[in-house]
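Just below is one structure, and these are the notes that go with it.
Within every chain, numbering begins at 1; the chains are lettered A, B, ... in the order of the sequence lines, protein sequences first and strands thereafter.
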There are 2 protein chains.
Amino acid sequence: MSTIFDVAKLAGVSTATVSRVINSPEMVRTQTREKVTRAMKICNYKYNSLARGFATKQSNTIGLIIPTINNPVFAESTRGVQDYADVRKTQVILGNTYYQYDQEKTLVDTLREKQVDGLIITTTNPRGNILKTLADENYPFVLLYSTIKTGPFWAVGIDNYRGGYKVTDHFISLGHRRIGMVAGNFSISDRSFHRWHGYRQCLLDHGIAYDKNLLIQTDYSLTEGQGSVKTLLSLADPPTAIFCSNDYLALGAMKGARERGLKLPKDLSIAGFDDIEIASYVIPALTTIRQPAYEMGKLGAELLFQRMENPARPIQRMLGTELIVRDSTARVPG
Amino acid sequence: MSTIFDVAKLAGVSTATVSRVINSPEMVRTQTREKVTRAMKICNYKYNSLARGFATKQSNTIGLIIPTINNPVFAESTRGVQDYADVRKTQVILGNTYYQYDQEKTLVDTLREKQVDGLIITTTNPRGNILKTLADENYPFVLLYSTIKTGPFWAVGIDNYRGGYKVTDHFISLGHRRIGMVAGNFSISDRSFHRWHGYRQCLLDHGIAYDKNLLIQTDYSLTEGQGSVKTLLSLADPPTAIFCSNDYLALGAMKGARERGLKLPKDLSIAGFDDIEIASYVIPALTTIRQPAYEMGKLGAELLFQRMENPARPIQRMLGTELIVRDSTARVPG
DNA sequence: TATAGTAATGTAAACGTTTACAGGAGTGCC
DNA sequence: GGCACTCCTGTAAACGTTTACATTACTATA
């Protein structure tokens, strides 16, 4: 493999000049530039951007840490990040935590060793040591799907509380009073916790007593949604509406409910959260909260670059959500 | 930021020794090792694996090129390669081509400049120059979702022809004779082409004339599935069954058919390809061909490492597929 | 033609590891 | 005490760029 030296020799110039035709061609005479370009062709020169990274301490790589690429909502954000990184000529290394905090730690460490220029993190614990350490060391990172509206971290997210509130309010406006919730485990998902909070507050605001038996915390997955709904339906006084804290849970719940012989949405209303693409394709089409996943990823990447270039005081951005009413929610039976 | 030099100085040893405690601690005396470890703690030493990559010409990074992370089937494969890469202490840089060949070219070039140790590629054109060049230069790469059973490339894939055949055969066994197909554009998806081929051959084998009007080539997306099915249903002699060349198209088709007032599967049978997770959660549950996406990714990564370590003659692996009959296919009406 | 100014190019050190090779220290044996 | 051996550690070059600074080559002006 030929290096800048070989090219320089062949073209009869110095390595500095070769480097210049690569990085700032405008500062080398046309004639020289052509000589160099020709030489590069001849010895089939291949640029080594890792060596560049080493020399400049800039890898042009960022790390993206998400719970799991399997959830379409994170896949969508990933695209947002990638697309923006692309315009900045930066590549992204992807890591899944599978909602495990120690995995998050490992990933952060590994990626930093790799000298990524910055990190975009969908954290499992916004109050943990990982972020604190990162911030203390003034390492550039931004939180994605953040629940934090203020404070020392750069972050972009949505108002999960409001989202939960909106869904619940929708249920109530349809006459429901027994409203269950299938939530992601609070211990691994702050988001889920905030959504629950909104749900709970909305109940109280409408004079509906909060019943803790109507809450199930579980893993984010189709099968868990399917199972959880059955548990709720087995209650002595089962819910007539169920708020699932993501669309996958909701889709699972729909299946579970049907397996119990219920007609949807006549016998049971179900709503989700995320508005993943298929949400509008299932039957009945899923009522859900739309969160702008792609935009969030894109904005997260933008903020990260901003942070890397100018580590001013932290910016937090909260993106809007929208209640999308479709066919999976209906008036309370009877 | 402290380097190996600082640590060495502090511990009163040479950099070589420090390097050794990092990479092969067993070859340094316990006492020395502890001295060094202590020094590392004290000066808060952070390993720089980019520098290592530079020195060893091994980045411990591989590139993964897929059409789009939005398709759950690719997301699943991505997990497979990540999980295996992980056991090899390797990170993966992800790139989407969005089914564009020039994007594929750009990605390959960029990733090679980045000195990734190898590439896993879901190509848009297995006969194009990109792969040929790569192979000529003896660059380690393996094809994912490959349609190639033999030849000079390392590859893992499935038998798309057989998949297409199986689905069609299933339709025919249910009495269907007018069987349409909504396929990904042949120009960007060899896989789709092979599936069509199987479909076509199966028709012929059963004495059913091939009708080119029953084929639609389009982009892989929910909306395209939705639109395409309507086109097919508008035919003078519309199909009673439709084979969609992936599940997203099929899910879209289900919606489109319903918008036309059809009852599924009574009025129209629909089958997909991939068996993505939600396929069994929609109503009616989707009949489809299961392809082992996760395993494919994992195996692809395994093969890549094998190829990197021992560039022997190419290996091609074809994974099994399975027809999963669910509720979206039924006997022909009447 | 000399000169000042600018534009283009060259020199060489730096980036943080690894590793081939050399050298030294310890051990067991005669 | 000398020797051979093993085990541990050190020396220094190498990896392929970038870049501050120095130098040289042009150009315009008088």
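Going from atom CG of Leu64(B) over to atom CD1 of Ile93(B) covers 10.5 Å, rounded to the nearest 0.5 Å.
More than 12 heavy atoms of other shown residues, nucleotides or ligands fall within 6.0 angstrom of atom NZ in Lys35(A). Around the CZ atom of Arg317(A), the shell of radius 6.0 Å holds no more than 12 heavy atoms that belong to other residues, nucleotides or ligands.
Val13(A) comes within contact range of the sugar-phosphate backbone alone, with a heavy-atom separation under 4.0 Å but no base atom that close. Contacts of Thr56(B) with the nucleic acid, taken as non-hydrogen atoms under 4.0 Å apart, involve only primed sugar atoms and P, OP1 or OP2. Across all strands, Ser19(B) comes closer than 4.0 Å to base atoms (heavy-atom distances).
A side chain to side chain donor-acceptor pair (under 3.5 Å) with Asp190(A) holds for exactly one of Asn160(A), Thr147(A), Thr123(A); it is Thr147(A).
Of the two residues near DNA chain D, Thr17(B) and Ala55(B), the one whose nearest nucleotide lies more 5' is Thr17(B).
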Counting primed atoms, P, OP1 and OP2 as sugar-phosphate and everything else as base, the B/S/- map of nucleotides 20-27 of chain D against protein heavy atoms under 4.0 Å is --------
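Boundaries of the chain A contact region on DNA chain C are dA8(C) to dG16(C), first to last in 5' to 3' order (nucleotide atom under 4.0 Å from a heavy atom).
Residues Lys114(B) and Thr61(B) bring no donor and acceptor atom of their side chains to less than 3.5 Å of each other.
Near-neighbour residues of DNA chain D inside residues 33-50 of chain A, defined by a heavy atom below 4.0 Å, number-ordered: Tyr45(A), Lys46(A), Tyr47(A), Asn48(A).
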